[in-house]
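Order of the sequence lines sets the chain letters (A, B, ...), proteins ahead of strands, with each chain counted from 1. Keep in mind the model is a prediction, meaning the values are calculated, not measured. Atom set for the values below is all heavy atoms of this structure, side chains included, hydrogens, waters and symmetry mates excluded.
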Amino acid sequence: MLNPKLIRDNTDKVKDKLLSRGFQEEQFNQYITLDSKWRALLQDVEQLKQDQNKMIPKGKPSPEQLETLKKLSSSIKEKQEQLKETEDKLKLIALTIPNVPLDSVPYGTSEDDNVEIKKVGEPQQFDFQVKSHDEIGIDLDILDFETAAKITGSRFVLYKGLGAKLERALINFMLETHEDNGYTEYLLPAIVNRDSLYGTGQLPKFEDDQFKLSDTDYYLSPTAEVQLTNIFRDEVIEESRLPINITAYTPCFRKEAGSYGKDIKGLIRQHQFNKIELVKIVNPKNSEYELEKLLNNAEKILQLLEIPYRVVTLCTGDLGFTSAKTYDIEVWLPSQGKYREISSCSNFLDFQSRRAMIRYKNIEENKTNYVHTLNGSGLAVGRTVAAVIENYQTKDGNIRIPEVLKKYLKVEEIKCLKKITSL
RNA sequence: GGAGAGAUACUCAAGUGGCUCAAGAGGACGGUUUGCUAAACCGUUAGUGUGCGUAAGUGCAGCGAGGGUUCGAAUCCCUCUCUCUCCGCCA
């Protein structure tokens with residue numbers, strides 16, 4: 001949610017920025033109209049209430065007083081109804097207004113306008129026909145999409161033997177690396193309530209992307225961003241505790257509505273996947289700097305795994321609803337011959353903290369203000385497995401184990417010997 | 001799942017329709033006294049959200065949340081959330 005005062009005081013600038021990311025002009029104008037109507041009504045109601053407060057006697061009112069008070073009361077009610085109606089409309093729009101991009105975000109309309117800011121590592125030249133990760137995974141009997149489809153449905157996967165171990169090794173490796181960089185680890189509920197989803201901005205706009213549990217107001221969390229950020233919902237944090245750096249491994253659940261036909265095969269787009277999330281709660285004056293740090297912390301994983309990647313800045317048109325600035329880390333996938341998103345690191349400024357009422361307090365000045373929130377994947381584990389498999393594949397169809405993972409897996413290679421079990 | 005009890009400010013807590021635009025105590029902070037500390041005494045302590053105002057300021061809301069009744073609600077009614085106790089079930 002944007003600061004209403006910011007919109008009032010900088011209407012033209014905000015409007016320009018919002019239109020650049022595809023927000024409808026008509027909606028924006030409607031918001032402005034409703035906002036001034038709301039303020040006018042609020043002043044009326046408050047004036048009437050003040051009159052009422054002054055007029056209400058200490059004891060029983062006289063018949064004449066009663067008459068006046070009744071009239072006053074009914075006119076308050078009438079105005080109040082108008083106010084509430086306007087307020088509801090206003091809120092509805094306010095909750096669907098996206099964040100305002102920072103000035104450093106490039107203008108653009110689609111992902112084609114994203115700007116590459118760096119490339120790290122050279123994609124390896126293979127002297128054989130590379131296979132995709134799902135092909136290799138199936139051949140080595142460490143990934144099983146068919147059986148997962150039997151148990152559940154499409155876009156689910158089952159890891160087996162060293163495949164399961166590889167996933168678990170990556171989870172541990174990532175968490176330990178982040179811990180070394182000052183993040184505190186959490187283990188969290190996978191199910192969240194509506195308030196939490198409103199707080200981080202998944203609702204009300206993206207209801208269709210969420211798995212809702214029937215007969216309840218619970219949802220399967222689409223990202224640990226929701227749980228981690230909402231830890232601090234409705235809290236006032238002492239300024240000296242900032243920045244707060246936290247991390248968690250969670251399963252994530254997404255309907256992937258509207259992505260039919262995209263990434264049908266493999267681990268890239270699943271309804272359930274594991275992710276390590278990084279969240280920062282920071283002092284507003286530091287958030288731009290903290291985003292760079294967050295990006296570095298996420299990049300570190302791929303650097304240690306020695307897998308090539310690049311970083312792009314999302315343009316205004318490709319920016320997520322809640323974000324003011326986003327860096328995507330894209331990992332090299334040899335079978336696709338291109339870089340694919342594996343992490344998204346964003347600065348939300350006070351957009352989420354306004355919705356979720358996350359504030360900090362400066363004790364000396366006795367001032368409270370909204371914090372800035374940031375988060376990034378560090379990293380999406382399934383996609384990392386895909387990247388490891390593809391980048392570390394050998395001519396004979398095996399997978400070498402990255403140096404940093406050897407201590408977890410205790411093997412040098414995942415080999416195509418025989419099926420691990422007969423099933 | 002059943003039965004009961006709760007939720008008031010930093011903490012404890014009074015408060016069954018107007019005398020409370022929330023008493024009192026503790027704590028915290030400030031002051032008087034004091035060689036220093038303590039005690040005693042005096043004072044402050046409703047954070048927050050939001051409107052108007054350049055500002056000083058001023059209004060409104062706020063007693064777990066949301067509705068309702070009423071001229072008037074912490075108080076009465078309805079719905080919900082959470083906490084606690086007991087019973088049942090259970091990894």
Side-chain angles (χ1 to χ4, degrees), chain A residues 1-11 31-95 97 187-199 203-204 212-219 226-227 230-242 251 281 284 350-371:
Chain A
M1 195 151 51
L2 293 175
N3 184 350
K5 285 181 196 137
L6 182 85
I7 306 179
R8 272 173 220 148
D9 298 343
N10 305 282
T11 310
Y31 174 88
I32 297 294
T33 314
L34 281 169
D35 184 55
S36 50
K37 186 178 171 194
W38 174 78
R39 277 183 295 163
L41 283 167
L42 185 69
Q43 280 167 49
D44 291 351
V45 168
E46 291 190 348
Q47 185 58 53
L48 289 168
K49 280 196 174 175
Q50 192 183 346
D51 296 347
Q52 188 186 44
N53 283 340
K54 281 182 183 154
M55 238 182 268
I56 283 177
K58 292 281 184 199
K60 276 208 186 305
S62 66
E64 309 88 72
Q65 278 178 321
L66 199 62
E67 178 117 355
T68 330
L69 284 167
K70 274 188 182 172
K71 270 187 198 150
L72 194 54
S73 173
S74 73
S75 60
I76 288 176
K77 265 195 189 132
E78 198 181 306
K79 275 276 182 208
Q80 232 165 4
E81 244 161 67
Q82 292 176 38
L83 179 69
K84 191 163 188 304
E85 202 179 300
T86 311
E87 195 170 272
D88 288 347
K89 280 188 201 159
L90 189 65
K91 261 194 190 150
L92 209 65
I93 298 183
L95 283 170
I97 297 177
L187 195 61
L188 301 159
I191 295 173
V192 296
N193 60 31
R194 292 183 69 84
D195 287 345
S196 295
L197 288 167
Y198 269 97
L203 291 181
K212 183 164 199 264
L213 301 179
S214 62
D215 301 331
T216 72
D217 261 339
Y218 290 154
Y219 294 78
V226 177
Q227 295 99 308
N230 277 283
I231 288 172
F232 302 96
R233 173 153 48 88
D234 298 323
E235 299 289 333
V236 178
I237 304 161
E238 204 177 300
E239 189 177 19
S240 60
R241 279 184 63 202
L242 301 177
I281 311 284
D350 59 355
F351 191 86
Q352 290 182 328
S353 59
R354 274 179 190 282
R355 291 176 160 239
M357 289 294 282
I358 306 173
R359 290 162 299 166
Y360 72 96
K361 182 171 195 147
N362 182 310
I363 298 276
E364 287 94 67
E365 294 171 33
N366 199 29
K367 279 204 171 146
T368 45
N369 197 4
Y370 293 99
V371 298

[N] OP1/OP2 closer than 4.0 Å to side-chain N/O of [X]:
| X | N | answer |
| --- | --- | --- |
| A:Thr368 | B:U48 | yes |
| A:Asn53 | B:A61 | yes |
| A:Arg359 | B:G49 | yes |
| A:Arg8 | B:G51 | yes |
| A:Ser73 | B:U70 | no |
| A:Arg39 | B:C52 | yes |

Shortest side-chain distance from [X], nucleotide among [options]:
| X | options | answer |
| --- | --- | --- |
| A:Leu69 | B:G47, B:C71, B:U50 | B:C71 |
| A:Gln52 | B:C71, B:U50, B:G47 | B:C71 |
| A:Lys49 | B:A61, B:G59, B:U50 | B:A61 |

NZ/NE/NH1/NH2 to OD/OE distance under 4.0 Å, A:Asp350 and A:Arg354: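 Counted as a salt bridge, because a side-chain N and a carboxylate O are separated by less than 4.0 Å.
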Salt bridge (charged side-chain N to carboxylate O under 4.0 Å, His left out) partners of A:Asp44, counting only residues at least two apart: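 Checked A:Asp44 against salt bridge (charged side-chain N to carboxylate O under 4.0 Å, His left out); matches are A:Lys79.
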Watson-Crick or G-U stems involving RNA chain B, each at least 3 pairs long, distances under 3.5 Å, ordered by first number: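 Looking at RNA chain B, the stems formed by three or more consecutive pairs are B:1-7 with B:81-87, B:10-12 with B:24-26, B:27-32 with B:40-45, B:48-52 with B:57-61, B:64-68 with B:76-80.
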Of A:Leu66 and A:Lys84, the one whose closest RNA chain B nucleotide lies more 5':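 Closest to the 5' end, via its nearest nucleotide, is A:Lys84.
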Closest-nucleotide ordering on RNA chain B, the 5'-leading residue of A:Met357 and A:Gln43: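 Nearer the 5' end of the strand: A:Met357.
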For the pair made of [atom1] in [X] and [atom2] in [N], what is the distance, rounded to whole Å?
| X | N | atom1 | atom2 | answer |
| --- | --- | --- | --- | --- |
| A:Gln47 | B:U50 | CD | P | 21 Å |
| A:Glu238 | B:G47 | CD | C1' | 15 Å |
| A:Asp51 | B:U58 | CG | P | 18 Å |
| A:Tyr218 | B:C80 | OH | P | 14 Å |

Modelled atom types, side-chain donor and acceptor of A:Arg359 and A:Ser353, under 3.5 Å: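 No, because no side-chain N or O of A:Arg359 sits under 3.5 Å from a partner of the opposite role on A:Ser353.
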Would you say that more than 12 heavy atoms from the other residues, nucleotides or ligands in this model lie under 6.0 Å from the [atom1] of [X], or not?
| X | atom1 | value |
| --- | --- | --- |
| A:Gln82 | CD | yes |
| A:Gln65 | CD | yes |
| A:Tyr198 | OH | yes |
| A:Lys91 | NZ | no |

Sugar-phosphate, base or nothing in reach of A:Lys54, heavy atoms under 4.0 Å: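 Here A:Lys54 touches no strand at all.
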Got a list of protein N/O to nucleotides 8-11 of chain B N/O distances below 3.5 Å?
none

